[in-house]
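Worksheet: the structure to be examined is printed underneath.
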2 protein chains.
Amino acid sequence: MASMTQVPDPAADSASCAGGHRHHAFDVAAGLLEAERVCTAAGESLTPLRRDVMELLLRAHGPAKAYDLLQALTAGAAKPPTIYRALEFLQRMGLAHRIESLNAFIACGIGACAKNAGFLICTACGWAEELLADPVNAALEGAASERGFRIAGAVIEARGLCRDCAPSVATK
Amino acid sequence: MASMTQVPDPAADSASCAGGHRHHAFDVAAGLLEAERVCTAAGESLTPLRRDVMELLLRAHGPAKAYDLLQALTAGAAKPPTIYRALEFLQRMGLAHRIESLNAFIACGIGACAKNAGFLICTACGWAEELLADPVNAALEGAASERGFRIAGAVIEARGLCRDCAPSVATK
DNA sequence: CGGGATTTGTAATACTATAACATACGATAT
DNA sequence: ATATCGTATGTTATAGTATTACAAATCCCG
Ligand SMILES: [Zn+2]
Ligand SMILES: [Zn+2]
Ligand SMILES: [Zn+2]
Ligand SMILES: [Zn+2]
């Protein structure tokens, strides 16, 4: 298999995933509408390419790797800068996030949040659930201010087992 | 210049750094003693190679890149697996940490903390200060438990300006 | 010494990301 | 309509990060 991350082929549609059990998924249609709305509001354009990448992220069953997205675009004819540029744009719009500890990208699960989201990453099924990380950021702010440090942004990524996977791993 | 990260040449000693102002540094001798102690306590061996890498991390004026460390080891004769293996060992011992958002490594600033440390990374001087991230982890735990998620570990990395740099950037 | 486990060396390759420059395209102003 | 400008995309090449697989050396114990 080319990769572990689940970038769907264009035909796939449902929320079934590699692990076999169905769970977690984005609402693709709603996500695309929201993306259009956000870009318009920002005076930017959700071009066909950017929209295609957004759709791939929304259909993915978890964080997607850049080169897998690249392969999924027009059957791999695109070159690396194509995908990195589209991802950078989507991140700038708050429509997607990069997960540093996975070198992967995911659609925003909260809705155009430009900053300081957090993720709970399941090591069993690969899903990453987004958090509004306000309490976490507040705790970070507290620690930072004690040291005279001014926070501009933060990476918050927890690894562990999601509700669905904790039982199956525990009983294994 | 080969790289921005500050892996010292073998002669360098003080806490002066690329930015010109002196600040932040590890206590090299104490760090090596502690490393020896931790490894012995764990029934593992701090071999000359591992010790050399630990010393490079302690002398570095901030997070160090793997290939820069590699270059600093015996003037670049070593191959990539050499450094990645040593770094993995040091991380396992809690003597070093990987900073995901920088693809870089840093000596533990707290003392053999195996898990869940956090970092405040200054984007001006490049230093990364380690936090005992207990309050942050507590906040994360709270958010996770609401979702039935069991956290095994977390990446907590804030970017911003340290106490020393905030004024100089503000007045620039 | 023999034998097994750990550590290190080495070569090859996979994976991730950016720089630099060329081309295309849509909007606006003559 | 044509020129021009800014934005977006295409293309080539290269830089940077990390792992796999196997070979050799070393250490520890019996
Ligand atoms: Zn988000
Ligand atoms: Zn799961
Ligand atoms: Zn530490
Ligand atoms: Zn600083």
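These numbers were taken from a predicted model, which means no experiment stands behind them. Chain letters run A, B, ... following the sequence lines, proteins first and then strands; every chain starts at 1.
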Flag yes if B:I106 and B:V53 sit in one hydrophobic cluster, no otherwise; membership is Ile, Leu, Val, Met, Phe, Trp, Tyr, and two members link when side-chain heavy atoms are under 4.5 Å apart.
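The answer is yes; both residues are in one hydrophobic cluster.
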Which nucleotide, [options], lies nearest any side-chain atom of [X]?
X: A:Y84; options: C:dT16, C:dA11, D:dA21; answer: C:dT16
X: B:R98; options: C:dT10, D:dA18, D:dT11; answer: D:dA18
X: B:P81; options: C:dT16, C:dG9, D:dT20; answer: D:dT20
X: B:R50; options: C:dT7, C:dT16, C:dG9; answer: C:dT7
X: B:E44; options: C:dG9, C:dT7, D:dT19; answer: C:dT7

For the pair made of [atom1] in [X] and [atom2] in [N], what is the distance, rounded to whole Å?
X: A:K79; N: D:dA13; atom1: NZ; atom2: P; result: 11 Å
X: A:L70; N: C:dA14; atom1: CG; atom2: P; result: 17 Å
X: A:E88; N: C:dT16; atom1: CD; atom2: P; result: 19 Å
X: A:L87; N: C:dT18; atom1: CG; atom2: C1'; result: 14 Å
X: A:L102; N: D:dA18; atom1: CG; atom2: C1'; result: 15 Å
X: B:F105; N: D:dG16; atom1: CZ; atom2: P; result: 16 Å
X: A:N103; N: D:dG16; atom1: CG; atom2: P; result: 16 Å
X: B:I83; N: C:dT8; atom1: CD1; atom2: C1'; result: 13 Å

Would you say B:R50's side chain and B:S45's backbone share a donor-acceptor pair under 3.5 angstrom?
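Between the backbone of B:S45 and the side chain of B:R50 there is a qualifying donor-acceptor contact (under 3.5 Å).
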Ignoring hydrogens and geometry, is there a side-chain-to-backbone donor-acceptor pair from A:K65 to A:L102 under 3.5 Å?
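Checking the backbone N and O of A:L102 against the side chain of A:K65, a donor-acceptor pair under 3.5 Å is found.
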What pairs of residues pass the ring-ring contact (aromatic ring centres under 6.0 Å, His included) test when at least one of them lies in residues 25-54 of chain B, not counting sequence neighbours?
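For residues 25-54 of chain B, and leaving out neighbouring residues, the ring-ring contact (aromatic ring centres under 6.0 Å, His included) pairs sorted by first residue read B:F26-B:W127.
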Establish, with yes or no, whether the OP1 or OP2 oxygen of C:dC15 is under 4.0 angstrom from a side-chain nitrogen or oxygen of A:K65.
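No, no such contact exists.
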Hey, which sits more toward the 5' end of DNA chain C by its nearest nucleotide, B:T47 or B:Y67?
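Nearer the 5' end of the strand: B:T47.
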Is there a donor in the side chain of B:S101 and an acceptor in the side chain of B:E157, or the other way round, less than 3.5 Å apart?
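B:E157 and B:S101 do have a side-chain donor-acceptor pair below 3.5 Å.
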